[in-house]
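The structure appears below as structure tokens.
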Amino acid sequence: DDKVAITGTINSGGIIGPVGGVKEKLEAASKNSIRKVLIAKGNREFKEGNITTDLINYSKINLSLTTIEVLDLDEVLFELTGKKLRVPVKDLVINPQYDLLMQEVKEILCNRTDKIEQRIEEENLNLPINFTKEIQTQKERSNNASNNKDYYSAASFCFNNNIQLKREVYKSEKVTDKIINESFTTLKEKNALLKERLRKKPIKTISDLQTYSIVKERLNDVDTQIEKINQSNNEEKRNILAYTEERYFSALSWMQFYNMEGKSFTFNDKILKQSCLQKLSEAEERHQYASLFLPQHVAQIKEKINDARAAYEKNEPALCLITASQAKGEANSILSSLGVDEESMTDYLAAKRKATERVIAENSAEGIFPILGYSYYQYANSLESQNKYTALVYLEYALEMSNLQIYFPQEYEFVTPTLNDDTVIF
């Protein structure tokens, strides 16, 4: 319908984002015989000094124009064509194998919390009251998440508890400098062995690719932290040891996701490198765009892009792909939230969540369950009540991690027909 116009941005997940100059654009539309204008959810109020104008009412009364807020491309297409062109989102069915494996990871990490607490009790270590309360709060959050079958969030809360508790253990005078140094040596050896074991694991499915990247990222982090100990004081060393031991243990726990089944893709070195460069290019483009608006908030994104490029140069394209995906997700979260006020944020997150569910459901139906995408999706839901912006970042991560198969050709089994003389002649 050429009497309908729209102004806004198209953000990840097909969500419509707000733009500036909407009042002037509505006035221009009215002068050019447009009868309906679509604007982004959250663009309704126009503020000038102390005066706030409701643009929907202003359009109707002053411009004889119908102005409608839209949240995503589905709504836009309906207003443009009068038809619902998109099929309804498929139900999000959780892969039972993922549920089982993630529950195991959660059990391993949360049982570890109990063991560290037991050690603290046996060694009669006195913990500050506020610290004990915080640990208990995290345990309750973990239990609540687990009751809701959100095992990734439950595992994350236990993982954070384990680091905090381990730091208290290593503050004890009973843990000598000699024990600390020996622990670092042992950890370094164990990390190298797990890296070698990981290197021999074949990557056949999207789940394999994500498992490899999750484990590799954690193991590389352990090496990076260990390198810092020579420049660290005694307290810092103990904190580093607490963090790296738990980081290593987390990597070890995630290894069992190599048992996930799924559709096979071609993951040779050449294709992995191409996918890495493609995602890097996307991340850099989004970073550059975000830096035009909020240059003070993009340093971490640039750091991730540099990490991804370093992984590529070290011939670790799978790690590069995941790291670049995270960088792009963070840039998208900045661009997506530009101009979205607090009032509209709840609706905006709901639309982003719906888009994420659609992508995960569609891929799951094809036999491609994105373990990392779904994990981030669940974690975003658990964070929303505390911090909507952090929840948005994890939804952006989820969107990026749930569509990785677009970079890889699917493997097919071809059957060669038997040819006889009659077939050849025909």
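Computation of the quantities below employed the complete heavy-atom set of this structure, encompassing side-chain atoms and omitting hydrogens, waters and symmetry-equivalent molecules.
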Between Glu69 and Ile39, is any pair of side-chain heavy atoms under 4.5 Å apart?
-> yes
Are any side-chain N or O atoms of Ser213 and backbone N or O atoms of Leu209, one a donor and one an acceptor, separated by less than 3.5 Å?
-> yes
Between Lys328 and Glu285, is there a side-chain N and carboxylate O pair less than 4.0 Å apart?
-> no
Enter the distance from Ile360:CD1 to Asn363:CG here, rounded to the nearest 0.5 Å.
-> 8.5 Å
Can you tell if the side chain of Tyr312 reaches within under 4.5 Å of the side chain of Leu272, non-hydrogen atoms only?
-> no
When you look at Glu48 and Thr53, which way does the side-chain hydrogen bond (donor to acceptor under 3.5 Å, both in side chains) test go after all the steps?
-> CA-CA 8 Å; Glu48 197 168 32; Thr53 304; over 6 Å; no
Salt-bridged, Arg286 to Glu400, with N to O below 4.0 Å?
-> no
Do the charged groups of Lys31 and Glu27 touch, with an N to O distance under 4.0 Å?
-> no
So, the side chain of Arg218 versus the backbone of Ile214: is there a donor-acceptor pair under 3.5 Å, distance only?
-> yes
Looking only at atom types and distance, does a side-chain atom of Ser146 sit under 3.5 Å from a main-chain N or O of Ser142, one as donor and one as acceptor?
-> no
For Arg247, which of Asn162, Asn220, Asp221, Asn191 qualifies under side chain to side chain donor-acceptor pair (under 3.5 Å)?
-> Asp221
From CA spacing to verdict: side-chain hydrogen bond (donor to acceptor under 3.5 Å, both in side chains), Gln97, Asp99 | CA-CA 5 Å; Gln97 206 177 5; Asp99 236 13; over 6 Å; no
Any salt bridge between Arg353 and Glu384, counting N to O under 4.0 Å?
-> yes
Would Glu168 and Lys171 pass as an ion pair if we require N to O under 4.0 Å?
-> yes
Salt bridge (charged side-chain N to carboxylate O under 4.0 Å, His left out) between Arg238 and Glu235, worked out = CA-CA 5 Å; Arg238 289 164 185 259; Glu235 186 182 347; over 6 Å; no
Which atoms form the tightest heavy-atom contact between Phe369 and Val93, and what is the distance?
-> CE1-O, 4.0 Å
Mind checking whether Glu261 and Thr205 have side chains closer than 4.5 Å, heavy atoms only?
-> no
For Arg167, does its backbone N or O pair with a side-chain atom of Asn239 as donor and acceptor, under 3.5 Å?
-> no
If you round to the nearest 0.5 Å, how far is CZ of Arg309 from SG of Cys320?
-> 7.5 Å
Within the side chain of Lys263, is there an N or O that forms a donor-acceptor pair under 3.5 Å with the backbone of Ile206?
-> no
Say you draw a straight line from CG of Asn111 to SG of Cys158; how long is it, rounded to the nearest 0.5 Å?
-> 8.5 Å
Can we call the ring centroids of Phe408 and Phe265 under 6.0 Å apart?
-> no
Backbone of Ser253 reached by a side-chain donor or acceptor of Gln256 within 3.5 Å | yes
Any donor-acceptor pair under 3.5 Å from Asn148 side chain to Asp150 backbone = no
Taking the side chain as every heavy atom from C-beta outward, state whether Leu252 and Lys190 have any pair of such atoms under 4.5 Å apart.
-> no
Going through the checks in order, is the side-chain hydrogen bond (donor to acceptor under 3.5 Å, both in side chains) test met by Gln378 and Tyr394?
-> CA-CA 9 Å; Gln378 282 196 307; Tyr394 275 94; over 6 Å; no
Does a salt bridge link Arg358 with Asp72, judged by any charged N lying under 4.0 Å from a carboxylate O?
-> no
For the pair Lys36 and Asp1, find out whether any cationic side-chain nitrogen is under 4.0 Å from an anionic carboxylate oxygen.
-> no
Using atom types as modelled and distance alone, determine if a side-chain donor or acceptor of Ser30 lies under 3.5 Å from a backbone N or O of Leu26.
-> no
Quick one: are Lys195 and Asp223 in side-chain contact, heavy atoms under 4.5 Å?
-> yes
Could you walk me through whether Thr67 and Tyr58 pass the side-chain hydrogen bond (donor to acceptor under 3.5 Å, both in side chains) check?
-> CA-CA 9 Å; Thr67 300; Tyr58 172 78; over 6 Å; no
Taking the six-membered ring for Trp, are the ring centroids of Tyr376 and Tyr379 within less than 6.0 Å of each other?
-> no
Please tell me if the side chains of Lys41 and Glu75 come closer than 4.5 Å, counting only heavy atoms from C-beta onward.
-> no
For Asn160, does its backbone N or O pair with a side-chain atom of Gln138 as donor and acceptor, under 3.5 Å?
-> no
Is any side-chain N of the basic residue among Glu357 and Lys354 closer than 4.0 Å to the acidic one's carboxylate O?
-> no
In this structure, are over 12 heavy atoms from other groups packed under 6.0 Å from Tyr289 atom OH?
-> no
Ser336 side chain vs Ser333 backbone, donor-acceptor pair below 3.5 Å | no
Flag side-chain contact, heavy atom, 4.5 Å: Leu349 against Lys388 = yes
Non-hydrogen side-chain atoms of Tyr152 and Gln103 separated by less than 4.5 Å | no
Ion pair present between Glu282 and Lys279, side-chain N to carboxylate O less than 4.0 angstrom?
-> yes
